[in-house]
Structures are given as structure tokens and as C-alpha cells.
Amino acid sequence: MGALGFTFPLVLSALVLLPVIWWLLRLIPPRPQTELFPPLRILLRLVKREETPAKSPWWLTALRLALTALVILALARPVLNPQSELASGDGPLLIMIDNDWAAAPDWDARVRTAEALLRQASDQNRPVALAATVAGPAASVQLADAAAIEQTLGALQPISGRADRALALDRLLTAADTAEDAPVLALIDTGLAEAADEAFAGSLAGAELSGLIRFSEPDRPLAAITGADNRTDGFALDLIRTESGPAEPSVALYDSRERLLGRAQATFEDGAAQTTVLFDIPFELRNDIAAARIDGQTHSAATRLLDENNRRRRVALLTGLAGEEAQPLLSPLYYISRALDPFADLIEPRTGDLSVDVPEMIDQGPAMIVMADIGVLPASAEARLDEWLQAGGTLVRFAGPRLAASAADDPYLPVTLRAGERELGGALSWSEPQAVAAFPPDSPFAGLDAPREVTVNRQLLAQPDADLAERTWASLEDGTPLVTGARRGDGAIVLFHVTAEATWSNLPISGTFVDMLRRITDFARNTAPGADAAPRTSEAEAALPPLRTLRADGTLIVPPAHVRPYDPEATAQSVSFEIPAGLYGTAEGFIARNVLAREETFAPFEPAAPGLSIAEQTLVAEEQTDLSGLLFLIAFLLLIADTLAVLWINGRLSFGKAPRRGPPRTAATAALLALVAGGMATMTAMPAAFAQDTQPGDEAILDALETTRIAYVLTGDDGVDETSRAGLDGLTRFLASRTAFEPGTPMALDIETDELAFYPLIYFPISTAGELPSEAAIARLDSYMQNGGTILFDTRDQLTGSLSAGTTPETTRLREILDGLNVPPLEPVPTDHVLTKAFYILDAFPGRYAGSPLWVEASDLAEGRSDRPVRTGDGVSPIMITGNDLAAAWALDEGGRPLFPIASGDPLQRIYAFRTGVNIMMYMLTGNYKADQVHVPALLERLGQ
């Protein structure tokens, strides 16, 4: 139950007058009596007698008292969910609102808070400036009246980016420079700290403000994903949460077509803010994972987009000494390939020439390159290897005679090596073979048990220096290093100081060897293949175009117009207005940009303003509602009831009795009609909340149910609407002449108000001349599709290629409509789809144009099967999209002559356009019937048995 307040509470003091009014209303004039004319009887009554007025009936007194009380209450202007004065002062009001990813779950409350501030500023005639913390570099912030700012607020949406409060504050202060009075800052924030908050605190300290009001929720139940790792023991996700976040959130993995691949329950320990959830998914499915989501979290940080770096690792294998095919155990790469093959894709050299093999392998984007006993690399190979390491590649090297001979001049070693190798336990050595010591706690091998059965007979020794201990990942019991590693750019170099086969040590034939290679593979990342390895010629060539962007609520959408290409080398790492979270590149290769970086945590935002007090308030939970109009309406209805009661008491109304003689009642009747008309006008002017939707009559419903009709959407463009009517009328005539189906006259639909459920197919031509359908209308379309209806969208612009490639105004309008619909994965109609054989045999679906494919819901059977050649088995696609302008091809005049020419000039194309319409309607009306015809021979054969 919401709170109740009064805008003018002093008016309520008038309620003390109700007893006086009650005393006055107790009296009522004597009821007039109607008598026959007899003069004598009138004369007899001329004797004056004292008259005592009769008392007013109690119910009439109560009605009038209630009417008076309602008027007093209405004049006091009662408000449901009243909002106190949010921002005091006389200076300009500066509103800063966070519209980053964290604002998405409670965005409506933030907008209500800003609207309440604008209403109060309008009542006080204060200028207002509004700035969003996620905005483009050209965003304009100016002081204006509240009405103008309210329009800007209405166009504001949360962005899947990071807030820059310092930049927003600078824009607000610049806009308020011309004001005479010190401004008041209203900060509507998410409560989460950002990297630029230190700069924000500096700007706030230097600002001349008369007050600071902060609107925020103290502790929000948020959970997010900060990292994803395709590890050898499973697929791992790193999760963080706020203090009140879910303790056991459910996390799901999806492929690129939004099919569920796995689900797991994450568990945060008591008081813990970080955890890792591990999915036990087969290696064969891991490359299909496209996104991970936390159930119940409606923000983009709860969605983790995956790219090539999260897929199965590619490992390139190189050796300087080939093993004998007859004796594979002597091959330098035999044990390495056996250890890596179950969880990595291995890349083998093609020619044996390092100057050719190294660049070719790097072009395939490996996460790791393993070199077994390779000493000197060609100069061309070294240049490509340097670029690959800087980009994040991991180079793993194994010792051997060749490396020992060239170690002094080798630039690809993590430590400096001594010349030659060290032999342990030989005839000329006093030392015994050494065992492996326990792994250091800061080593990537930490947690593995040191293999006691492994001994080392020969190794390469490192020069002792200050960095040797830090770079030693594994060592022998005498302290000499067994494995060393160091960072190189974004990549790493790892050296095993023994050979890759069991000549210097029995480590390669132990289980620990497999575990060590898996640990190294876990932190390796696939590098971008192909073009990313080529020399950078220009910024335009290096930038990646946006493929899909992540909306603030966590759904992938077609990139909006403000999104720029992403340059991995020149662009800052954090997501922003121009480069939000999403996928950048092409369908063949892309980079995923996510909201939160690895190892990031939630920290509270605490604005510091020396010498300036901060008023803390919560977000406005509900909109305030003015009840005065409703009270005035009730009072007016009581006034009508009072008038009728007085007329009845005075004999001016009769109910079933013969009317008494008396003066004409024209004036009373006119007054009553005026009151009723005024009441009707008042009710018409009441808010829409008190109105009821008009439902179609029974006759219209029965007519719609008895006759099947094709419907088309009214776009507001008279030319397009007339073409739709003529086109569907022509298709109706063609259906009646070629099939047993006789549809009724096509129906024009206003999707804002008309019922959609009566029509199996709705033709929706896209036009930019009319206004974009409202959210309510799009929601009605979505409900229609969810309940079995099909919408045929026609952009009429000969849409080609993929849906993301169109750039026409009609395609842009279609994207805006589809953003509000639950659109399934789409594909062009395959050659074995039911639509190709529903009535006519077709291999294309032309209209006035023939260049656009017909898009339908993607079939679950990605590959056709010989036992069921018809695809999309039992379902009917809820959506179809084309750009071929079907209605223009179907449009006929009264004489049956075409109204529009075919673009290609081929008269057969119009015939095939009509056949396209027939197949679409047969597909809509028969459903799975056509798909199940392939089973008829088998059923007949079984019945014959």
C-alpha cells in the first residue's frame, strides 16, 4: 500500500465546518402540495397558520456532508506515493545519472527519480542540466527548462559500457558557468566504483556547489562473470558478487544459436565475493560455447561473450630432429603429442623448412608452439615469432644437443644458459641422478605432487642471477632448475631443461609430464589468425567492425548507429558508449569485448566532497499519483444524486405513477441533462488508467472465426497501405482460382488496437514514412508470434546477404522493431524446406524483386537426413523476412491487370511470385502435414504387413 500525502494540507482545516453544514442541512422547506382548484376550499385555508419546516432526511444530510468533505479533500490535492522535496535551493539543478551496465536492472526507478526532480524544478522555475555518465564525445549538456530536459531523459537508455563520472561532471559544471547562483548536484548513481572516480573526486572538490544530493541503493544483489577459461579439466567461469548478491546462482552455457549446452550451480562461501564454477563438458562441445549467462541477472556483466581465446587450444609442434617411423618412441615429439592430443588441436609442420613452417603455423593462430631441440631459427621466422609472442602466444622449448650448442646466442630463452649440458651419474661424474623437488607455491605447477619416481641424468644449467629464483617453475633436489619461464610481451616463454624424449630424463614417460603440459596449456590463449598477423598498414584496416553488440540487459542486438569499429591496438580496454561490449570482426573471426575484466571485483562508490555535505536518498520506488481528479469526479456524481433526490422530494420525478399537475419540468430536465453531460465530459477527461479497452463485438468475432483472412499492417503510408490491400486481394483471388482454399477479403490491422489472434498470417510491409510502433504494439506482436501466429516482414528494398548487412532505412526500421521481439535464430529457406514443396515446387521466392532470400526460423536439423528429407518437421516459422516486395507483385486492379511492373521485366517472375504466396499460405494452414508426407510409403508398407 503506497503512502498518501496532501499538497495543500491547510485546506483540510475546512473540515471543522462540517458540523455547521450539518446543522444547516437539517432544515428543508415544506414540501409543496398540489390541490384541485375548488375556490372555496382555498378560501377556507386563507386563515394564516404557523408552519414548522420539516427536517431533512438523514440520508440526504449524509450525502451532502460526504459531497462537502470530498470537495475539501480534493482541494487539498491528495497524492498517492508523495515525494518530498528532493532538491532544495535556488540555483540551477544539475542531474548526473549513471546509465552504464549496472543501471539496467533498476533503470525505471532511476528514470522516475529524474522525472521527480524535473517536476519539482519545473514548479520552482529552476533551470536544469542533465548528463549521462556513458555518452559520446560530442554529447551536448546545456541549461534548459525542465520540459526540454524531460525529452532528453526520455531518449536516454542504459549502455553496456563503463561510467565516466568525471567527464559527466565536467560537462555539467561547464553548462552551469553562466548561472548566477551556485548549482545543486543531484547524483543518481549505481553505488559501484569505477576507475575514473579518483578524477571525479578531484573535480567535485574544485566545484562550487551549494548542495549535493545522492540517490542510490545501498546494497544491490548483483552477480557478474569476470573470466572464462577452457581448461583441461573442464570449462571454468570466474564469478563475483556484491555483499547481498545470490549465494548460489545458476549459470548456463549457450551456443551461437542460443541452444543450452550446460548448466551448473555456483557456490559462494560465507562472506566470499569471488568463486569459480566448473562445467564438465566434453572437449567436442567446448568450441561451440558462444556465451555464458547467470540466471536471474538482467545486466550485461552477467553475460560473458566468448571468442577464439576460449576455444580448444591449437598447439603447433616443431622439432629439429626427426624420429624413425619404425621406432616412434625415439621421436622427439612422440610423448608431447600423446600428452596434448586429448585436449588440444595439434598442428604439424608441412615442409620441414623452419622459414616456411613457422610463419604458416603462426598464421593458424596457435595458443602454444612447442619446439623440441631447435637451436637457430631463420631471420624471417624470428620476426614472425616476435610478433606472435607480443600478441600473447606461449612458446614451450625442450633442451637437446642443438639447443645446448646455440644457447649463448638464443634470444628465445627465459633465462641465460651455460654452455653445454650437465651430466649426472655418468662414468666421469661424482654426482648421482637427481629427483624432482616439490613445486614452489607461486609456480603454475603448484598443487601437483612432485614425482618421486622421476630422475634426471642430464640437463641444461642456468646462469645464477637475481631473477633465476623468480623464473624457476620446477627444480631438482639440488636446487638446479628443471623448468623455467618468463613473460615476453603479452605472451610467455617456457623452457624444459631436459629433452622431450626419455634420453636425459624419464619425466616424459610419467603422468606428471601430462599434468605439467596441461597447466601450461591452461594459461595459453589462441592468437588471432590470418589478418591479425599481417603488418599493420593503416588504422582503418586494423579496426574491427561491430558484428553484434551487447545491450545493457544482456541480450545481443544489431549494432546501433553510434557504435564505431574497434581497434585492438589504439582503443582503451574498458567498454564505452562508442565501443560497448559485444563482438567485433566478421562471422569468420571476431573478438569478444566484455564489460568486466579478469580479476575485477565490486567496490562501493563513495563520493568525497570536502566541505560539502551529502544528502543520501533512495531511488523513487513508485510514481506519485494525484487523486484530486478522482475525488472531484466522485463529488460530481454525488451532486447529480443530490439533484435527483431534491427533484424527487419536490415531486418533480415520478416512478411508475401518473405525474402530478404542476409547473413545467423543462428547466429541471435541462439542468439534469447538463449535469449528466458535464459528468460524461469529466469522465472522458480522466486519465487513461480509469478507461477500459473496447473489445470487439460478438458479431465481429464470429465473422473473423468463420472466414479465414490474410491481414496486413497499416503503416501510416497511404501508398504502401494501398499496395498491401491490392496485393493481398490479388493473392486471395489467385488462391481461390488455383486451390480449394477461398479466403475472405484481406483485413487491414492497426496493431496498436486491433485483435491479432484471428489471422494465421500478417503481412507487415516496412515503411519509414509512418511512426515506429509503440512498445505495447510490439509486445502484442510478440505475443501473437508466441501463440502460433506468423508475421511476414517485407522491407521492400531487395534485402541481400545476411540480416546484419543491410543499411537501408527500411532495414534499420526492421531492426528497431525486431529489438522488441523474441526472434528465433533465422536462416534463408534451405533447399529441402517445407516451403519449397508446400504446393508448388520452388527453389526461389521472388516478388517484384528477386534478389532477397526468404528468411525463416532455423531448423534444428542442421544437416539433412536421408530418412527425412523435409526440414522443419512439425513447426511453422513464427517469422518470415524478405525484401522482394511481394505485395507489389501480387497487386491487381479490378480487371485483373498488374498495378506494378516486375523489376527484371520477366513476366514469369510474377507467376512465381504468386506461387510463392500460395506456398506460404499452404505452409501456414497445413503445418506439419506436408512434412509428414514422406512417412506415407513406410506407413502403407507396415499396414500391408
- Item | Intermediate values then yes/no, side chain to side chain contact (heavy atoms under 4.5 Å, CB included), D100 and V595 | CA-CA 10 Å; D100 60 347; V595 173; over 6 Å; no
So does [Y] get a backbone contact from the side chain of [X], meaning a donor-acceptor N/O pair under 3.5 Å?
X: R314; Y: Q364; value: yes
X: S505; Y: T455; value: yes
X: R304; Y: T226; value: yes
X: D357; Y: D353; value: yes
X: Y335; Y: A502; value: no
X: D255; Y: R257; value: yes
X: D280; Y: G234; value: no
X: D307; Y: Y584; value: no
X: R548; Y: L556; value: no
X: R286; Y: I281; value: yes

- Message: Given the ring of Y566, does R593 sit roughly above its face, with NZ or CZ under 6.0 Å from the centre of the six-membered ring and within 45° of the axis?
- Response: yes
Closest non-hydrogen atom pair, [X] against [Y]:
X: A292; Y: L253; answer: CB-CD2, 3.5 Å
X: V456; Y: R458; answer: CG1-O, 3.3 Å
X: A302; Y: I225; answer: O-CD1, 3.6 Å
X: S406; Y: G375; answer: OG-CA, 3.2 Å
X: L354; Y: A381; answer: O-CB, 3.9 Å
X: A462; Y: V415; answer: CB-CG2, 3.8 Å

- Message: For D197 and E194: C-alpha separation, side-chain torsions, deciding distance, then whether side chain to side chain contact (heavy atoms under 4.5 Å, CB included) applies.
- Response: CA-CA 6 Å; D197 286 346; E194 291 290 346; 3.8 Å; yes
Is the closest side-chain heavy-atom distance between [X] and [Y] below 4.5 Å?
X: L237; Y: I294; answer: no
X: I336; Y: F398; answer: yes
X: L583; Y: L305; answer: yes
X: M371; Y: L377; answer: yes
X: L495; Y: L417; answer: yes
X: M368; Y: V494; answer: no
X: W101; Y: V134; answer: no
X: P580; Y: V563; answer: yes

- Task: Let me see the working for E258 and R293 under salt bridge (charged side-chain N to carboxylate O under 4.0 Å, His left out), right down to the final yes or no.
- Result: CA-CA 11 Å; E258 292 298 320; R293 294 190 180 93; 2.9 Å; yes
- Query: Got a salt bridge between R384 and D363, using NZ or NE/NH1/NH2 to carboxylate O under 4.0 Å?
  - Reply: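 Salt bridge: yes.
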- Task: Answer yes when R598 and D229 have at least one side-chain N-carboxylate O distance shorter than 4.0 Å, and no when they do not.
- Result: yes
- Message: Consider side-chain hydrogen bond (donor to acceptor under 3.5 Å, both in side chains). Of Q434, Q459, H497, which one does R422 pass it with?
- Response: Q459
Nearest-0.5 Å distance that lies between atom [atom1] in [X] and atom [atom2] in [Y]:
X: E470; Y: D442; atom1: CD; atom2: CG; value: 8.5 Å
X: L318; Y: I374; atom1: CG; atom2: CD1; value: 5.0 Å
X: S300; Y: N594; atom1: OG; atom2: CG; value: 9.0 Å
X: M361; Y: L385; atom1: CE; atom2: CG; value: 12.0 Å
X: W504; Y: N457; atom1: CH2; atom2: CG; value: 11.0 Å
X: L306; Y: Y254; atom1: CG; atom2: OH; value: 13.0 Å

- Message: Evaluate T133 against D164 for side chain to side chain donor-acceptor pair (under 3.5 Å), listing each step before the verdict.
- Response: CA-CA 5 Å; T133 56; D164 190 344; over 6 Å; no
- What is the ring orientation for F445 with F496, classed by angle as parallel under 30°, tilted 30 to 60°, or perpendicular over 60°? tilted
- Message: S475: which residues meet the side chain to side chain contact (heavy atoms under 4.5 Å, CB included) condition with it, sequence neighbours left out?
- Response: A437, T472
- Check step by step if side chain to side chain contact (heavy atoms under 4.5 Å, CB included) holds for R488 and Y412. CA-CA 9 Å; R488 181 69 63 87; Y412 301 106; 4.2 Å; yes
- Side chains of T503 and E501, donor plus acceptor under 3.5 Å: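 Result is yes, a qualifying pair exists.
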- Assess whether side chain to side chain contact (heavy atoms under 4.5 Å, CB included) is satisfied between W388 and I369, documenting all intermediate values. CA-CA 10 Å; W388 177 76; I369 295 179; 3.6 Å; yes
